[in-house]
**Q** 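Here it is, the structure in full.
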Amino acid sequence: MAFTFAAFCYMLALLLTAALIFFAIWHIIAFDELKTDYKNPIDQCNTLNPVSDPTPHLTHTSSPLLVLPEYLIHFFFCVMFFCAAEWLTLCLNTPLLAYHVWRYMSRPVMSSPGLYDPTTIMNADILAYCQKEGWCKLAFYLLSFFYYLYGYVFILMSCTRIYTGYVHHLVHVQFVMMGEIFSKMKMAWLH
Amino acid sequence: MSAPGSTNLGSSVGYSQSPTPNGGAAPPRQNGPAQTYPSVYPPTGYYGAPPQQQSYPTTHAHSNAGPNKAPITNSAHSANYYQNNHHHHPHQHHQHQPHLPQHHVTPSPYSAPPSSAPPSQPYATLPSSAPPPPSNAQYNPQQPVQQQQHPPYATPGSYYGQQHSYHAPAAQRPQQQKHPSLVPVPAGGPGAPLHPIVSYPSALGSSQYGTLSSLQSAPAHGVMPTQVGAPLHQYNAPQPAGPTTTPVQAGGYGVGPSGQMAPTVNGQGSTGQTTVHQHYDQSHQALQSYNSYHGGVTHPHRAGGADADRPPSRTPSTSVHSSPGHHQGMQYGYVANSGASSASATTSGPAAANPSSSSSEDGDDDDEEEEEDEDEEAGGDTSSSTTGSASPVPNSYDSLEGGNYPDSLPPSDDMTNQAQPYGSYGYPASMQPAYPQGPTSHTDSSPAHDPYGPPPSYQQFSQPFPNMSQLSAALGGLSGVPELEVEALRPVNLLQERNLLPPRPLEAPEPNLSPDLKKVNCSPQTFRCTLTSIPQTQALLNKARLPLGLLLHPFRDLQQLPVITSNTIVRCRSCRTYINPFVTFLDQRRWKCNLCYRVNDVPDEFMYNPVTRSYGEPHKRPEVQNATVEFIASSDYMLRPPQPSVYLFVLDVSHNAVEAGYLKYFCESLLDNLDKLPGDTRTRVGFLTFDSTIHFYNLQEGLSQPQMLVVSDIDDVFIPSHDSLMVNLKESAELVKDLLTSLPAMFSQTRETHSALGPALQAAFKLMSPTGGRVTVFQTQLPTLGAGMLKSREDPNQRSSTKGVQHLGPATDFYKKLALDCSGQQIGVDLFLLSSQYADLASLACMSKYSAGSIFYYPSFHHTHNPTQLEKFQKDLERYLTRKIGFEAVMRIRCTKGLSIHTFHGNFFVRSTDLLSLANVNPDSAFAVQMSIEDSLADSSLACFQAALLYTSNKGKRRIRVHTLCLPVVNQLSDVYAGADVQAITCLLANMAIDRSITSGLSDARDALVNAVVDLVSSYKSNVSNLQQSGLVVPASMRLFPLYILALLKQKALRTGTSTRLDERVFAMCEFKTQPLQQLMQMVHPDLYRLDNMSDQGALHLNDTVVPQPHLLHLAADRLSRDGAFLMDCGNVFYLWIGKCCNDMFIRDVLGCPDYASVPPNMSHIPELETLLSERVRAFLDWLQDNRAFSSTIHVVKDDASAQATFFQHLVEDRSESASSYSEFLQNVQLQK
């Protein structure tokens, strides 16, 4: 019984958090571009918000769907941790979960899903808030990434030593991934 | 020889035939003389050295004489100029001639002549046709004829003769006589005509005249600009005697050189002409500019005397040649005239670009066609010169000049001519100075100049212009204005002082700047900052507890506006700031940006000053002399070819709309104003009506009557026909009129009560998206069908709730998304809501808010039951249809490094942190901007803000209007308070409160406003006031702040407790966001005057009318008395309150009723009676309305009438059913502090 459901949750969370880190970085870059004038807020909001209603003239077919997927992913592994009865981990995640719910409830009047309204996004307060939000989330996801890694290893170690070799291998893989993430971040910033 | 002389003469003559008169006049005033010189040179060069020389001498003479005479003449000249200008454009057709006579001196001869007499027409025609340089030759022949005729005039004979020779025989002919006729205007009439002719042949001379310039100049001008730099220099060097002149030319830059160039190209005669033209143009322009600046002070040319004397010299004919070029020239020219310049620019077309620059006033293109024509002409001249094969010329020029000059000595005539041109320029005094000092300073001319010199203006100018701007910049924030400050800082105890209002309406505080900077700073009506002393750091700003922000009215109708056409628009390389009066010139070749402090090079072209025609004085350019300028932009500023004016009217024709009866009045108004719709020949219009279906109208040219196409599929709207729904107004005018005549009757029997507004807007969007333009929507009820349908959200029982108001925001984002799409396609949507029921304006308004449209709301509109709303609707509509409009606009606001923009308020879409996208821009909407201080401003004593509005004019020109505001930076809290602008602060706070009430509730917004007062009081008390007195102490500059805030809290937009319909509240909020400061303050805190005891003491005398100036009264019932009559000015409405015991004399004299009892209850006009009192009252009312875009209605309110409630709700200092009085408010503030 070495590879438990909890270990699986941690591994999944680890992978998904890596994705969330990418989202957070993307978010930060997107708002930085807005602030420095590179992007039209309408286009930018269309990439940040899921574009589900293709208005005929708005030909923005690229729909990265940033906001909702992020929330859903986070919600998804929170549910997983709940099922795995990882209460401490769940507690650490609830504030963010609550924040996401609140954030989505208080979004501007919109007929389509999404958070950002191109007419108000350029307000200095909102822009600064969104940027800060991006940095905070990035920090949170990075910390949780290491936490999940630790949790994953800890569970495996505590269950059995048989899989040590495998664990070592996994840890190595994780560090390689981290290296990739950081190099991509660097590239993004240089860009 | 003769030829040269003649040319010179011609030019000079033009002005004054008598060099003296003209020259005298012009020269003294303006740099003009110098300029003239240059022009002269070139011509001489072309012609022959000898003649030129002669001409020079003459000039000098003129110049001498000129000075004295100049003033008088000037006025005349100016007139001439204008006329001339007109003529030019018109030339071909115009009849400007009338003016001409005098004008003839200048360009007018050309164009003017035609009008005045048949002969003149020939000229005009010639020019127009001739335009191209090559044509000149042809022209010459024709013109010559005319010119030759002139010779007769010319006593100046010599001139003439010379010219004739130039032109060659052909030139002289009968036409001359005609010219005279044209010229006739001037006293010298006969002579004058001749002159014109002369000019022709001798191009040179003519150019001076202006007429010549117009025609020929065009070609030359083009050349000139480019060549200017080099040629000029050369000139100077070569000519010893001429030197003076030459330099001038250099100054003239473009002008001189071009002229020179032209000659070579065209052939002597032609060249000469070209040059002349340029001069002329310039002069014209100058004059115009002058006028603009000085209100028509100008003088110069006109000088009748000149005409008489010099007639011969005038070369009007020349002008003819270059006519084509003229347009371009116009741009160059410093066109004083407002409208004209723009127009001219348009006409000139891109060509204008060539010229280095010309400024013209361009108030409103629309306003005065005449002016435009003039401008155009002027421009044309310059431009035309361009055409002239200028480039080659330069070299030849130099060589020629060298030779010529010597000969030209005789020049006195020339000189005069030249001088005249100068005079004609009529620059603002300030501009001129540069001239003398000008580096190039054509020492040569010095002799001549000296004579001129005498004129005071000249001398002044001559003084050290070089670094004026530098000095001023340096002095900028240094000087303190202690007296003002002391007064502004005087602590005022609000609990004790009750009479706070000034006797006259409050004016914007003056920034504490050096006089030089103050003089050029942007008008407070256009650009205003809440703090006229900018705090150095955000910490200091926080300490002051006042908001920092700008209030902008960027597209407001201006009386004067320098318009500049230039190949290169000089901007900072790093921050793209437009060069402005507050930059620093480090030396002749470098300037330092005042926003980012980068050091930039001055382009060669910028070294030439088209106003003074001098070279090497970049700080004298109009861009550097005016805080508000307009550039004609090149294709670099276009994403696509400028769009035509396109107007689509979307009309609600449901049963509800027919009941309200607006359609008939709309159609009538549009019919009346169809010709006044801003636009050119490309203007397109379209109509679309809707109820539960959408009706399109096919107005394709060739149809016998309009065709209605009905689309009933509102879920998937399609456009039934793509090319025939939006039609050219000119081509389909008959069909459009047919439609407008029949439209009201077509739907009179409709039973359809539904309204499919959303689908109609989608159709409008599809119809307009290929071009962009303006959509005007008339809606009378809640949209009930299709996309964007709304439900009633208002609960009438909550209207007077004190708990806060729901539904201030939109119910759906349909309209917002539509507006964003429209904005992306450069479509502006304006909404007229005429509804008696709730129509959810909060949602509907989004269609205008984000597409930079305007919103009009007429609650309870009914054509018979509510005549006051009907009257207001009609007046608003007239203004709306005829006002200026700019298409596909963007506005960027830049500010000194360290400051940044926080939030924008108004109707627009924010494209980026400092860029607003405005699909349409109209002269009646304003913007507010909140600023924050990111970095300390300690390293600079001045902070600058620049708003640049790039738009397409209704004539299809891309233009950039640039406003620059400069303010001192301070590091003391007391200075910040001393410079606080209480009205601007109130308006900015109102905008912020509106935002707050939508995002976090009305009561929150109201609390924030009260807190603003509390914060100010406590901050002032703890930081600045060292008096230990109790009570409520504020600085005098802010003494009205609590009153204004209280008034804000009682506005419809922000009040609670008083029954307010949701739509009216939302509309009031929209108005807060878009009204210019003056109107907003009138609405918030109306002006109250007592009218029955007005005296003439302190009255204004305007023209023939006496405008009494009664004192402002506090808005409290205890200021009213039953025996008086009081006028309340609420901006868009006047209330005249008649007390019960008002003396019968007032009622009889002003209202035309025998006594109080017989005053009708709903009186809404003041009868025009012959009595003194009535005249005074009407004069006062007219004066109050003078500068308002939308005319105000007047209501006579009787003491006993129920209508009193509306009047008394404006008495903001009194307690109302739900709001506290002023003294209660103060006590409340004191408790919280």
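Lettering follows sequence order; numbering is per chain, from 1.
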**Q** If I measure from the heavy atoms of chain A, does B:A819 come under 4.5 Å with its side chain, its backbone, both, or neither?
**A**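 Neither part, no heavy atoms under 4.5 Å.
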**Q** Rounded to the nearest 0.5 Å, how far apart are CD1 of A:I42 and OG of B:S823?
**A**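 So the CD1 of A:I42 and the OG of B:S823 are separated by 6.5 Å.
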**Q** Pick one of side chain, backbone, both or neither for B:L915, based on which atoms fall under 4.5 Å of a heavy atom in chain A.
**A**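 No part of it gets close to chain A.
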**Q** Is the count of non-hydrogen atoms from other residues, nucleotides or ligands lying under 6.0 Å from B:L639 atom CG greater than 12?
**A**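 12 or below, so no.
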**Q** Quick one: of A:P118, A:P108, A:P41, who has the most non-hydrogen atom pairs under 4.5 Å with chain B?
**A**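 Most heavy-atom pairs under 4.5 Å with chain B: A:P41.
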**Q** Mind checking the NZ-OG1 spacing from B:K849 to A:T119? Nearest 0.5 Å is all I need.
**A**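 Rounded to the nearest 0.5 Å, the NZ-OG1 separation comes out at 9.0 Å.
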**Q** Might you confirm whether atom CZ of B:R793 has over 12 heavy atoms from other residues, nucleotides or ligands at distances under 6.0 Å?
**A**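 Count over threshold, so yes.
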**Q** Please output the residues of residues 125-147 of chain A in contact with chain B, using a heavy-atom cutoff of under 4.5 Å, in numerical order.
**A**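 Residues of residues 125-147 of chain A touching chain B at under 4.5 Å: A:D125, A:L127.
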**Q** Heavy-atom distance under 4.5 Å to chain A: side chain of B:T812, backbone, both or neither?
**A**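 The backbone, not the side chain.
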**Q** What distance separates B:T999 OG1 from A:N123 CG, expressed to the nearest 0.5 Å?
**A**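 It is 9.5 Å, given to the nearest 0.5 Å.
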**Q** Enter the distance from A:K35:NZ to B:S900:OG here, rounded to the nearest 0.5 Å.
**A**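 So the gap between those two atoms works out to 7.5 Å.
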**Q** According to ring-ring contact (aromatic ring centres under 6.0 Å, His included), who are the partners of A:F82, at least two apart in sequence or on a separate chain?
**A**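 If we apply the ring-ring contact (aromatic ring centres under 6.0 Å, His included) test to A:F82, skipping adjacent residues, the hits are A:W87.
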**Q** Among residues at least two apart in sequence or on other chains, which ones pass ring-ring contact (aromatic ring centres under 6.0 Å, His included) with B:Y850?
**A**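 Scan of B:Y850 (ring-ring contact (aromatic ring centres under 6.0 Å, His included), adjacent residues dropped) gives none.
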**Q** Could you pull out all residues at least two apart from B:H807 that satisfy ring-ring contact (aromatic ring centres under 6.0 Å, His included)?
**A**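 Scan of B:H807 (ring-ring contact (aromatic ring centres under 6.0 Å, His included), adjacent residues dropped) gives none.
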